[in-house]
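Everything below concerns the one structure shown next.
We use all heavy atoms of the structure for the numbers below, so side chains are in, but hydrogens, waters and symmetry mates are not. Residue numbers start from 1 in every chain, and the chains themselves are labelled A, B, ... in the order their sequence lines are given, proteins ahead of strands.
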Amino acid sequence: MSDIANVATGATVVALTNVHKSFGPLKVLDGVTFDVARGDVLCIIGRSGSGKSTALRCIDRFETIDSGEIVVCGRKVHDPALDLRALRQDVGIVFQSYNLFPHLTIEENITLAPTCVKGTSKAEAREQARAALAQVGLSDKIQHYPEQLSGGQQQRAAIARSLAMRPKVMLFDEVTSALDPELTGEVLKVIEGLAADGMTMVMVTHEMGFARSIADRVVFMHRGKVHEHGTAAVLTTPTTPELAQFLGTGL
Amino acid sequence: MGGSLNVNHLAFLANGALWTIGLSLIALVGGGLAGFVVALARISPLRAVRILAAGYVQLIQGTPLLVIMFLTYFGLPPLGITVSPLTAASVSLTVYVGAYLGEIWRGCIESVPKQQWEAAEGLALSRTQRMMRVILPQAVRIATPPTVGFMVQIIKNTSLASVVGFVELARAGQIINNALFEPFLIYLIIAVVYFALCYPVSRLSRRLEASQGRPRLSVETA
Ligand SMILES: Nc1ncnc2c1ncn2[C@@H]1O[C@H](COP(=O)(O)OP(=O)(O)OP(=O)(O)O)[C@@H](O)[C@H]1O
Ligand SMILES: [Mg+2]
């Protein structure tokens, strides 16, 4: 309960407490606890299958948890009576596969949710779309269809689409994994810009160099547990042999 | 009528052909509406609705259209509902086509990638908004070629309306043949007319299918 009080004061935006989650017999989250303060960037790293995506998806209730507590922007995510759509207005999520809507232009992709969900007027939503696209450096693509954009551009458009909802926290799940190094760079630059603007972010990433430069906190997940948790310094001087080994092979 | 094939006979056949087209359109519109409901019901979050819709589809797909025609035409009057041949044919085709189109369209809706649902969900769209604004527009594109293709089946199946006495193309041919006793000639004409109706539609379906595989621009995927 003290966590919830904390959230109410605005210091903590995301808090997971002793979260357990299984898919059938497979235990994926085994007592995960971490929190994210307002304006912080938390990077989740770890081997494939360690539960990173699942932890992230639980924050936006794309997965329901078996036990424990998740509080996001003062909302109890684990509560069955949660107002899901209110939660998802506070939380922006960007996936590895961009998932832009192929039948809509970039502008329509971005204005869809604000006009449908928030009742923003068309004109205002268009203005917001222009601003969001400027933020990700895609102003010239506003009337294009997703298939006319490169992977990196699509991913930046997906980020702009999320930003247009003015979320309080952004979740990124390996958003550069499908991109070659050059395109990765342009997406990471956008995320850096968001961090500089004070956006609270949780990102699952395999880009260790990037995590080192941007993360306020790092969570190393191993076998469904938070095996190591600290500042970006743990990426240079890990305290557990598992993280050391992960970094050794991961670099 | 009587004697040899004359212009009156041909006019009669033409009238039948018009009714074949009319019935096909009725079946497409009625069956389309029913199919839309069936497709949505098949993927409803409510289990009972899903089961009901699945039962309907199974039942209709396991029943010959001929039998459905008879059931509507002869089965409803004892219940106090009088039906004309046109009504019986329209209702039967709607019920029949609805089950098939519902099944085709359900497949199309489900073939829209799951990630599209998730992306829309992540943007806080309601279920209805996700369906109407994100999923259905994509499903419609996927559904167009098979739906047009199914139209060919509908056109041919309208010939079964003849069993309840409705005078469409096949029945018109039958009537003329009863007077002229020239089955080969008359049914050849009927066959040619059916072909003339169906061929453009199936050509269109194949064209749509071919053009769908081709993206507007090459997609760059890293
Ligand atoms: N919906 C699901 N049903 C069943 N098993 C699942 C499901 N989602 C994930 N899993 C399993 O849970 C485990 C953890 O998956 P998760 O996606 O969280 O790992 P990850 O750390 O993100 O891995 P990666 O780096 O490969 O993305 C994996 O073994 C995965 O196969
Ligand atoms: Mg993952």
Checklist entry - Where do B:G122 and A:I93 come nearest, in terms of heavy atoms and distance? => result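 Smallest interatomic distance, heavy atoms only, reads CA-CG2, 4.1 Å.
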Checklist entry - What are the two closest heavy atoms between B:Q129 and A:C116, and how far apart are they? => result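 Looking at all heavy atoms of both residues, the shortest contact is NE2-O, 3.1 Å.
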[X] versus chain B, the contacting section by heavy-atom distance below 4.5 Å:
{"X": "A:L87", "answer": "neither"}
{"X": "A:V91", "answer": "backbone"}
{"X": "A:R61", "answer": "neither"}

More than 12 heavy atoms from other groups under 6.0 Å of [atom1] on [X]:
{"X": "A:K118", "atom1": "NZ", "value": "yes"}
{"X": "B:R207", "atom1": "CZ", "value": "no"}
{"X": "B:R203", "atom1": "CZ", "value": "no"}
{"X": "A:Q143", "atom1": "CD", "value": "yes"}
{"X": "B:Y187", "atom1": "OH", "value": "yes"}

Strictly distance-based, threshold 3.5 Å: is any side-chain N or O of [X] a donor or acceptor partner for the main-chain N or O of [Y]?
{"X": "A:H103", "Y": "B:R133", "result": "yes"}
{"X": "A:R88", "Y": "B:L123", "result": "no"}
{"X": "B:Q138", "Y": "A:P102", "result": "no"}

Checklist entry - Do A:F95 and B:E118 have side chains that get closer than 4.5 Å, going by heavy atoms? => result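 They are in side-chain contact.
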Checklist entry - Do B:V134 and A:L104 have side-chain heavy atoms sitting under 4.5 Å apart? => result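 Heavy-atom side-chain distance check fails, nothing below 4.5 Å.
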Checklist entry - Which distance, rounded to the nearest 0.5 Å, do you find between the NZ of B:K114 and the CG of A:N99? => result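 Output value for this atom pair is 10.0 Å.
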Next on the checklist: Heavy-atom pairs under 4.5 Å with chain B - which of A:R57, A:E108, A:Q89 has more of them than the others?
Outcome noted: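 The option with the most such pairs is A:R57.
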